[in-house]
Amino acid sequence: MPFNGRTATAIISFPPDQILLIKRATVPFKGYWALPGGRLDPGETVEQTVVREVKEETGLDVAVICKVGEYHERGVQGGVEYDYYPACFLVKLVRGEIKKQESEIEAINLFSLNALPPVLAFEHNKMVKDFVAIRRARQKS
């Protein structure tokens with residue numbers, strides 16, 4: 001079954017200079033560290049999706065701050081063809097404690113922006129770089 005369509009991912013920033021990453025247990029992302037997120041449910045906006053998916057995957061309640069960017073990911077991984085369009089959002093923690101979803105998530109961890117895993121899932125490296133650029137621009141203003 002192909003993995004396609006519209007998705008949303010979240011960058012959750014924690015002091016000092018850390019972000020939350022999850023290690024996927026399902027294909028096509030199996031074994032990759034990635035940002036929390038997932039597919040849109042019928043009738044959802046991308047903003048609603050990112051809030052729901054973060055809650056489902058991490059146990060955290062978040063609120064959207066801004067959009068980091070729009071991306072396109074295409075290829076074959078683990079025998080699964082993928083062609084989808086993730087939107088990435090910077091979100092802030094509203095409340096909750098980190099608790100990983102057991103069915104789809106292998107591991108969950110905070111990583112320093114200076115010591116990220118060497119390979120993030122697909123376009124997630126680009127998403128994190130775009131986030132860092134936005135953060136630097138905000139710090140300068």
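Keep in mind that the numbers below use all heavy atoms, side chains included, and drop hydrogens, waters and symmetry copies. The shown structure was predicted, so the numbers you read here are calculated from the model rather than taken from an experiment.
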| field | Leu113 and Phe131, any side-chain heavy atoms less than 4.5 Å apart | value | yes

| task | Measure the spacing between CD of Glu106 and CD1 of Ile22 and express it to the nearest 0.5 Å. | result | 11.0 Å

| request: Check whether Leu110 and Ile11 end up in the same hydrophobic cluster, where Ile, Leu, Val, Met, Phe, Trp and Tyr are linked by side-chain heavy atoms less than 4.5 Å apart. | output: no

| said: So, taking the atom named CG in Leu90 and the one named CE in Met127, what distance separates them when rounded to the nearest 0.5 Å? | reply: 13.5 Å

| Arg135 side chain reached by Asp17 side chain, heavy atoms, under 4.5 Å | yes

| query | Got a second to check how far Asp130's CG is from Lys67's NZ, nearest 0.5 Å? | reply | 12.5 Å

| task | Taking the side chain as every heavy atom from C-beta outward, state whether Asp83 and His72 have any atom pair closer than 4.5 Å. | result | yes

| message | To check you understand the geometry: which heavy-atom pair defines the closest contact between Ile105 and Arg24, and what is its length? | response | CD1-NH1, 3.7 Å

| query | Which residue pairs pass the salt bridge (charged side-chain N to carboxylate O under 4.0 Å, His left out) test with at least one member in residues 90-101, sequence neighbours excluded? | reply | Asp61-Arg95, Lys100-Glu102

| request: Could you walk me through whether Val62 and Val50 pass side chain to side chain contact (heavy atoms under 4.5 Å, CB included), step by step? | output: CA-CA 9 Å; Val62 297; Val50 79; 5.8 Å; no

| request: Could you walk me through whether Leu21 and His124 pass the side chain to side chain contact (heavy atoms under 4.5 Å, CB included) test, one step at a time? | output: CA-CA 10 Å; Leu21 295 176; His124 293 223; over 6 Å; no

| Shortest non-hydrogen separation from Glu57 to Ile108 and the atoms involved | O-CD1, 4.3 Å

| said: To the nearest 0.5 Å, what is the distance between OG1 on Thr49 and CZ on Phe89? | reply: 8.5 Å

| field | Ile12 side, atom CD1; Leu93 side, atom CG - distance, nearest 0.5 Å | value | 7.5 Å

| query | What residue pairs, at least two apart or across chains, pass ring pair (Phe, Tyr, Trp, His ring centres under 6.0 Å) with a residue in residues 35-65? | reply | none

| query | Do Tyr32 and Leu116 belong together in a cluster built from hydrophobic side chains that touch within less than 4.5 Å? | reply | no

| said: Once you measure the plane-to-plane angle for Trp33 and Phe111, does it fall in the parallel (<30°), tilted (30-60°) or perpendicular (>60°) bin? | reply: perpendicular

| Roughly how far apart are Lys23 NZ and Leu120 CG, rounded to 0.5 Å? | 11.5 Å

| task | With side chain to side chain contact (heavy atoms under 4.5 Å, CB included) as the test, would you mind laying out the steps for Leu35 and Cys88 before giving the verdict? | result | CA-CA 9 Å; Leu35 298 165; Cys88 181; 4.1 Å; yes

| remark: Note: Ile19 and Ser13 closest approach over all heavy atoms is CG2-CA, 4.4 Å

| request: Sequence neighbours left out, what passes salt bridge (Lys or Arg N to Asp or Glu O under 4.0 Å) with Glu44? Give chain and number order. | output: Arg52

| message | Closer than 3.5 angstrom, by distance alone: can the side chain of Glu70 be matched with the main-chain N or O of Tyr85 as a donor-acceptor pair? | response | no

| Side-chain contact, heavy-atom cut-off 4.5 Å: Ile134 with Val68? | yes

| message | For a 4.5 angstrom cut-off between non-hydrogen side-chain atoms, does Val91 reach Leu60? | response | no

| Do the side chains of Val132 and Phe14 join up, straight or via other hydrophobic residues, at under 4.5 Å, putting them in one cluster? | no

